[in-house]
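Report on the structure given below.
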Amino acid sequence: MNNFTLGRYVPLDSKIHRIDPRFKIITMLILMTAVFLADFYGYAILFVVLATAILMAKLSFKFILKSMKPMMFMLVFLFIINTLLLREGTIVLQIGSFKIYSKAVIQTLFIVGRLVLMIMVTTLLTATTAPLDLTLGIEDLLSPLRRFKVPAHEIAMMISIVFRFIPTLIDDTQRIMQAQSSRGVDLDEGKLTEKVSGIISMIIPLFVSSFQRAEDLADAMEARGYYPGKERTRYKQLKIRLSDYVALFICIAVLVAVVMVKRFI
């Protein structure tokens with residue numbers, strides 16, 4: 001649980017941190033589009049760009065790797081499924097009657113590369129953008145939809161609360177697991193019924209803690225005069241700078257490069 005870094009904001013002073021949150025969200029969408037359009041050469045370009053952005057944000061690669069560890073089970077599961085279903089290409093490894101084909105390995109590497117790049121993009125966004133700035137950015141981007149009676153502010157607030165409380169719920173889960181372990185509950189070993197009982201003993205207090213936090217948050221928002229649908233003023237105003245346009249231009253250039261590489265190479 002301590003390896004979960006999605007949603008954790010790292011308050012540092014860097015050029016990436018100072019980019020307007022609206023432009024960060026737009027660039028994230030552009031890079032996500034590039035990830036889905038890229039091939040292996042495009043993955044190499046995206047990895048270099050994202051690694052450079054991580055260094056510019058003064059983040060450690062260890063921090064990024066921690067966000068990928070919870071995905072290891074999914075990656076192993078995908079590899080098993082691919083090796084069982086895909087039987088195209090040459091035989092890479094044979095153990096008795098079981099054979100692993102080159103198509104399965106390539107497909108697995110392709111999926112792994114895509115997931116790694118997606119995690120790098122999302123972690124870079126949440127680690128360099130404060131929850132309040134993220135809320136303001138999402139609200140401004142959704143503001144044109146207000147003419148269609150879409151509650152832009154409420155949607156942005158809900159997304160911000162989700163990102164804000166993901167680390168908190170992870171910390172609560174870790175604390176409950178440690179408390180249960182000190183009382184003799186073993187979630188790693190034992191029979192299936194014992195593991196299910198241990199998980200239930202962990203889930204119930206987690207739900208109670210979550211509902212209590214939700215109630216405290218609702219009381220705090222109501223005490224501060226927050227009412228959905230009401231017009232609100234802002235203490236912090238977002239300002240666009242030249243560096244924001246530069247970052248957007250770079251991401252668009254990366255998207256074009258990925259598409260061109262896939263088409264002509």
Compare every heavy atom of [Y] with every heavy atom of [X], then report the nearest pair and how far apart it is.
| X | Y | answer |
| --- | --- | --- |
| F110 | D39 | CE1-CA, 4.1 Å |
| C251 | I30 | O-CG2, 3.6 Å |
| F36 | R114 | O-NH2, 3.6 Å |
| E139 | A156 | N-CB, 3.6 Å |
| L124 | A53 | CD2-CB, 3.6 Å |

Under a 4.5 Å cut-off applied to non-hydrogen side-chain atoms, are [X] and [Y] in contact?
| X | Y | value |
| --- | --- | --- |
| I138 | I25 | yes |
| H17 | Y9 | yes |
| P21 | L134 | no |
| R18 | D244 | no |
| Q212 | D216 | yes |
| T122 | M32 | yes |
| D20 | R241 | no |
| I54 | T123 | no |

Counting only heavy atoms not in F47 (residues, nucleotides, ligands), do more than 12 fall under 6.0 Å from its CZ? no

More than 12 foreign heavy atoms under 6.0 Å from CZ of F40: is that the case here? yes

About how many Å separate [atom2] of [Y] and [atom1] of [X], when rounded to the nearest 0.5 Å?
| X | Y | atom1 | atom2 | answer |
| --- | --- | --- | --- | --- |
| L31 | L50 | CG | CG | 6.0 Å |
| I16 | T128 | CD1 | OG1 | 7.0 Å |
| L217 | I161 | CG | CD1 | 5.0 Å |
| I252 | I26 | CD1 | CD1 | 9.0 Å |
| T27 | L248 | OG1 | CG | 7.5 Å |
| Y41 | K262 | OH | NZ | 14.0 Å |

Assign the ring pair Y226 / H153 to parallel, tilted or perpendicular, where the plane angle (0 to 90°) is split at 30° and 60°.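 Ring orientation of Y226 relative to H153: tilted.
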
Please verify the inter-ring angle class for F207 with F211; under 30° counts as parallel, over 60° as perpendicular, anything in between as tilted.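 Ring orientation of F207 relative to F211: tilted.
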
So, S14 and K58: side-chain donor and acceptor under 3.5 Å apart, yes or no? no

Would you call D172 and R213 a salt bridge, using N to O less than 4.0 angstrom? yes

S102 side-chain N/O to T90 backbone N/O, donor-acceptor pair under 3.5 Å: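 Side chain of S102 to backbone of T90: a pair is present.
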
So, S210 side chain and L206 main chain: donor-acceptor pair closer than 3.5 Å or not?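 Yes, S210 side chain to L206 backbone: donor-acceptor pair under 3.5 Å.
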
